[in-house]
A.B. asks: 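Sharing a structure below in structure tokens format, with a few things to ask.
Below, chains carry the letters A, B, ... as their sequence lines are ordered, and counting in each starts from 1.
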Amino acid sequence: MAKPAAGRETSPAATEIGLGLFLWLLAVLGAYFLYHKPLEASQGIHLLRMALQVACVLGVTAAAGGLGSRIAPLNDFPPLAGAAVQAALGFGLLALLILSVGAVLGVSAWAGWLLLLGTLVSFRSGVSRWLSAWKTLPAVIAESGRFGRLVGVALALAIGLSLFEALAPPLRWDSLNYHLVLPLAYLEGGRVAFLPENIFSGMPQGGEMLYTWSISLAGLETAVLLGLVFGVLAVVGTADFARVRFGRAAGWAAGAALLGGMSLSGGLAWGYVDWLAALYGLGVFACLDEWGVGRGRRYLLLAGALAGFALGAKYTAGVAALAGCAWILLAGFGKSDQGEARPNTARLRNLVVFLLALALTSLPWWLKNWQTTGNPFFPFFIPTASMTPLRQELLQGQAVHGGWENALLLPWQASVTGIEEVQGFGASLGPLLLALGMLSWLAWSAVGERGKRTLRASWVFGVTALLVWAAAGRISGLLIQSRLYLAVFPVFGMLAGAGFRGLIGVPWSGVRLGRIAGVMVLLVLGLNLVETSAGTVYRRVPQQTFGLESRDAFLVHNLGEYARAVQSLDALPPGSRVRMLWEARSLYCRAPCEADEVLDEWIVLARGHQYDAAAILGAWRSQGFTHVLVFSHGAERIRAGGRFQPQDWAAWDDVRAQLEPAADFGGVYHLYRIP
Amino acid sequence: MREKRISPPLIGLLAALWMIGVLAAYYWYHKPFTPELAVHLLGLGGQVAVSLAVIGLAGGLGARLAPLAGDPPLVRMALQAGLGLGLLGVVYLVLGAAIGTAAWLGWLLLFLPPILLNRNVWGWFRQATGLVRLYRGGGGLGRLLAWGIGAVLLLALLTALAPPLKFDSLVYHLGLPRAYLAMGQVRFVPGNMYWGMPQTGEMLYTWAIALAGTKTFAVLGWAFGVLTLIGLAGFIESRISARGAWVGCAALVSGFSLASALSWGYIDWLVMLFGIGVFVRLESWSRGRRSKDLVLAGIFAGFALGTKYTAGVVALAGIALIVLEGFFGPVNAPRTLEITDPGDGSAPAPGNERGRPDTKSRFPGILRSGIVFGLTLTLTSLPWWLKNLLATGNPFYPFVFATETMSAFRLQFYQGLPPWGGWENALLLPWQATITGVEAAAGFGVSAGPLLLALGGLSGIGWRRRRGDQQQLLRNAWLFCLAGWIVWALAGRLSGLLIQTRLYLGLFPVLAILAAAGFEALERFQWPGVRLGRIAAIAVLVVFGLNLFELTGQAVRREVPGYLFNQVADSDYLAQNLGMYALAMEAVDGLPEGARVKMLWEPRGAYCLPVCEPDEILDAWITTIREHGYDVDAVQEAWRRDSFTHLLYYASGREFYAQDDRYLPQDWQTLDDLLPQLETVADLNGIYLLYRLP
């Protein structure tokens, strides 16, 4: 290759010539783009908006990371796993701060910006330390072999796809039902408050608080982007933890296992809180793993706090806490580093410390419910004014899904028969968590003493979580869903990583089992990428990203008549208020509307008014409703399923006959005027 | 822990069975794609594989014929493939005319030679490892641009895999191959005067389509572009720098038209491949005065001319270079200027002083060189002139002489377009073509990107500090481009058609070399307190990024992703992008067996051949009506005599020509008299009307 013969050009007239050259460049580029507009003004604005959203989410994450870094240096952790856990800690604390400040002083855009800038400035040294931890990422990639790099590219593509999905208007059910509806309602009302019309406002809302904050900064999609960040942190943290404990290939395999299923990789961009729970779950496990090797009680406290944050993000994320309790108790059965048996009192004391920290960080959510409804566990267990016994029965009384094989063979059943959006497990988890995780025992002889301890902790965590999941699945058909237990999936990911590490070391008559496993991992990632890409294209996300299609058109394409129906509401006269029936999603309502959030509105109303049509209409009128939007197809499906009694439906027929038709959306939705 | 209770091989076997079992059970429940999607994706993969096989065969053939041992691997790769492609184009012409265009012949041609050339083919592919070194040597900017260029190429490949849409493809680049395949033979197509154009590209396209279907031709066209960029990058790396190589390539594909054209199934990138072949060999000749270089340069120039008439500009530029270099170049074949092993990263030999011109003593040498170049050029382009001579009696068909199918009136109609714009388009050609040239607009008609001009215009900076060999390279590049500029400017004053930038793309790789040199000069220039190189790098990245954004937006707008995932059918894709034209083609497709359609003001016939006869230069009506003295009945009778049963009338096309002063009022009046006499079969929003002839 030829090299320049001389150094830099210098001459007495360098400034003038340099200026001339600069102006020439400027002139050609300026003139060119005067004739060739690379993008429309609206596209430019759209792109700038997306860039702002990404910047805001990065800012929020850095603020959380900085706060976490200040509180817990986590020097004993693998660098990226440490950064992920620090961010989790920061997110948890900031969520509680937003809850208290939002409830007392209010929430607004300026308050959001103040919180962002205030946190970044106040914890600037922590932010800088936290950011510098990410500098190890290029080195980690550089030291990876070909397998690692290929997996890295596949994971980057999966995350990239999710980024574009996240930048488009959210579409998923639970987001349109409450994860994003509640934050918008808080911002609209200017305060975090109990919303009696949406029972989900009684769920712990660690994620929704953070979503409220991010939406206040740069709009709705910012929340979904933040959800993506939760997932990326959980995956990177898990992979780094597995890398350091079990070897570099194990790290990549752990990451691949976590994003090898359509529901898990797709779920990054849904605006749900499951990945936040997973991030907290990673923190609980990592801290208890460190505590287990005698690093001191502060890790126990941190683990408890993170378990509390997990519980404060989602009730079922309590599985991480239960698994943590099991490990604390079982770890105590072994001998200490000095070879002495640990006394029972010490075990109990440790458990109490863990639970105390957990209680402290989850307490605000119980207090909030207790204060607003009188039931700390609202909407469950104890009836309240807005959650009558009938409603509780309808919500909790789902029949158990499947037989005992779902409990006894849970990992197989959840992985193999669980399919996204299909009743039961309801998630496509990918085959790697099962295929590799079950072989984690092979890693026992391949890893060092530290790795063995982590492996032992992973097994205890994993088995406990499976037991809890299996038992819960026998209580209610709703509780069998895989998504509810994502908090422990980082541990399953680590076990998969360990399994991969074990396979590398198995001698098999000249066959390189590790290589076969590597091909399988890449095949699974590749197939998942094809599937998720096809979904992204089908949803017309690229058109939305490039600003080629309006937001309304995007929603109509993906949500069909529902989108048309809610978009039509902006034509209603001022003062209108819409009651929705058999439609739980209210996010895109263009008029004040109240969703049928658990699809029990009609039954509760009809039975509450003894099927008296006039009384039902009067009740709606007295609540200020002027219109009823009915998901007719949904109602027909439920009716055909024979779920309710005939008189429930007869009463509906009576009431519908008295309503004045206002609009028909392809026979799927009907809008009625209340006379 | 007790170990080794189970024997390790058994563990291995069980573990493998477990994993296979889980994956199989999982995918039994979770089908990642439908069988239709799998078949669709396999079909697309097959098209890519066949295109790569054609390129591999061409590369192997080129490697056997011209080892080019002194060239850097990437340059060698591009030039050998170019040589092979040119030869295979001629071979297919001969085979197609003599034996036919059946698929079996195509497969035979694809698989038989590689058996003989096995080592050459694999050796040729192995040269691509040079890209790794180029990537590593490019620094941060180079690597960023490498990823960006990769993205442009990927985007173009994906677009090429979708049904072709661009005008010229539907008129003749694809239209002629489909006609040959329908006829089963390469022979004269009287209904399409573009048949007379040289057809190296179309021959290769016919072959590719015979092997793996219609869309393969655009993938092959894409591969021509990839080869050009590889050759260009390798050449700039060896003569300027690796960083410059990426900038040069980026400059070339930072224009919307050039980057987009990678997927069009045109032949311009093939011309550019031959163009870089001409320049590289002449540049080598200027340093070593080896006749072999002149011969190869002549062959490449002949291939260029055998691909596109206007690619003759590289031949003219080559002659200018031979003459001027002959007069003013180094004395007595100064081999000291030769870059002996530019591919290994070592510094090349320094340049020497140039000799004083001695016109008289140099003239015979120049003449000899010119004859060698001209003779090889003529020989390699001869098959195309012969083809025309045999079929029409006019070797330059459809130009210059009138023939049976190209009457004097048609010649005048086609060639008589007045010059576009004023003299400023000739005098300030580089500026005007770059700044005012806009894709699909009248005039230059190409968005070439600003970097070739912005950076190429600065290639003279820091002249005195350049090595001798670099000075000579730049001098040759300037001469080459200057000659091209003059030809382009003069041609543009002859006809409005000849101002189009696309016709001279053979010169553009050399402009990219100048852009790379300009960038490198900016990087070395010291402006106290300002890092001009960094500013230039940002400018390159911004321009490139904007173009990538525009290209991606276009692919998304066209529904390319939906097509690739089998969510958009061929017909929907065409309807989305071609509008009523696609529906008109469907209407023609729905006509009964034996129907034959005459088209008016619609030259795109690729989707209805051989049922239709397109109006390829939009003169069908004016020619017919004047020939028959404005007699409507005679016109109908003539059409019936030619076996036409239907007429597809493009009303909007007619509107476009309404103000054209070549048409007389009675031309339009006669049409208005005729149409009501015909029975309407389909009316597509008044844009296209399909009539049955009585």
Side-chain angles (χ1 to χ4, degrees), chain A residues 1-10 14-15 17-19 21-22 24-25 28-29 31-33 35-36 38-39 43 262 415-417 419 428 430-431 434-436 438-439 442 444-445 503 506-509 511 513 516-517 520 523-524 527-528 530-531 533-534 537-538 542-543 545-546 548, chain B residues 1 3 8-9 11-13 15-16 18-19 22-23 25-26 29-30 32-33 137 237-242 342 345 347-348 434-436 438 447 450 453-454 457-458 461-462 465-467 520 522 524-528 530 532 535-536 539 543 546-547 549-550 552-553 556-557 561-562 565 567:
Chain A
M1 184 179 71
K3 291 184 173 66
R8 286 170 168 249
E9 182 80 358
T10 51
T15 304
I17 296 173
L19 190 64
L21 298 176
F22 176 68
W24 163 257
L25 270 182
V28 174
L29 265 62
Y32 185 84
F33 287 115
Y35 278 83
H36 305 79
L39 64 168
Q43 273 185 308
M262 207 267 280
S415 292
V416 174
T417 69
I419 298 174
S428 300
L434 175 67
L436 296 175
M438 283 295 183
L439 300 176
L442 287 174
W444 186 261
S445 54
L503 282 171
V506 174
W508 184 24
S509 319
V511 179
L513 203 52
I516 294 174
M520 286 186 174
L523 178 74
V524 169
L527 289 175
N528 192 43
V530 170
E531 197 176 357
S533 306
V537 169
Y538 180 77
Q543 281 82 350
T545 307
F546 281 89
L548 301 172
Chain B
M1 176 108 181
E3 290 177 16
I11 293 175
L13 180 66
W18 163 255
M19 284 191 300
V22 171
L23 261 66
Y26 184 85
Y29 278 86
H30 305 78
F33 36 69
E237 181 199 19
S238 68
R239 304 301 305 279
I240 298 172
S241 67
T434 304
I435 305 296
T436 68
V438 178
S447 297
L453 174 67
L458 302 178
I461 302 294
R465 292 174 187 273
R466 287 199 183 275
R467 295 189 313 258
E520 201 226 8
L522 280 178
R524 286 198 289 163
F525 188 86
Q526 203 162 46
W527 182 8
V530 181
L532 206 50
I535 293 173
V543 169
L546 285 173
N547 192 44
F549 176 83
E550 204 176 349
T552 316
V556 170
R557 189 182 287 117
F565 282 105
Q567 294 163 3

A.B. asks: Are A:Thr545 and B:Val556 side-chain neighbours, meaning at least one heavy-atom pair lies under 4.5 Å?
C.D. replies: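 Not in contact.
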
A.B. asks: So, for B:Thr552 and A:Phe546, which heavy atoms are closest and what is the spacing to 0.1 Å?
C.D. replies: CG2-CZ, 3.2 Å

A.B. asks: Does some side-chain heavy atom of A:Leu21 sit less than 4.5 Å from a side-chain heavy atom of B:Trp527?
C.D. replies: no

A.B. asks: Can you find a heavy atom in the side chain of B:Pro450 that is under 4.5 Å from one in the side chain of A:Val28?
C.D. replies: yes

A.B. asks: Pick one of side chain, backbone, both or neither for B:Leu13, based on which atoms fall under 4.5 Å of a heavy atom in chain A.
C.D. replies: both

A.B. asks: Under 4.5 Å heavy-atom distance to chain A, tell me which part of B:Pro561 shows up: side chain, backbone, both or neither.
C.D. replies: both

A.B. asks: Quick check for you: among B:Pro528, B:Pro32, B:Ala536, which has the greatest number of heavy-atom pairs under 4.5 Å with chain A?
C.D. replies: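 Among B:Pro528, B:Pro32, B:Ala536, the one with the most close pairs to chain A is B:Pro32.
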
A.B. asks: If you compare all heavy atoms of B:Leu23 against all heavy atoms of A:Ala435, which two are closest, and at what distance to 0.1 Å?
C.D. replies: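 In terms of heavy atoms, the two residues are closest at CD1-CB, 4.2 Å.
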
A.B. asks: Between B:Phe565 and chain A, which part of the residue has a heavy atom less than 4.5 Å away: side chain, backbone, both or neither?
C.D. replies: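 The side chain, not the backbone.
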
A.B. asks: Keeping the roles fixed (side chain from A:Tyr32, backbone from B:Thr434), state whether a donor-acceptor pair exists under 3.5 Å.
C.D. replies: no

A.B. asks: Could you tell me which non-hydrogen atom of A:Leu513 sits nearest to which non-hydrogen atom of B:Ala16, and how far apart they are?
C.D. replies: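 Shortest heavy-atom separation between A:Leu513 and B:Ala16 comes out as CD1-CB, 3.9 Å.
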
A.B. asks: Between A:Leu527 and chain B, with a heavy-atom cut-off of 4.5 Å, which part of the residue counts as in contact: side chain, backbone, both or neither?
C.D. replies: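 The answer is both parts of A:Leu527.
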
A.B. asks: If I measure from the heavy atoms of chain B, does A:Leu442 come under 4.5 Å with its side chain, its backbone, both, or neither?
C.D. replies: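 The answer is the side chain of A:Leu442.
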
A.B. asks: Within the structure provided, determine whether B:Tyr26 and A:Leu434 are in side-chain contact (heavy-atom separation under 4.5 Å).
C.D. replies: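 No, every pair of side-chain atoms sits at 4.5 Å or beyond.
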
A.B. asks: Heavy atoms only: give me the nearest A:Phe33-B:Val543 pair and the separation to one decimal.
C.D. replies: CE1-CG2, 3.9 Å

A.B. asks: Check ring-ring contact (aromatic ring centres under 6.0 Å, His included) between B:Phe33 and all other residues, then give those that pass, not counting sequence neighbours.
C.D. replies: none

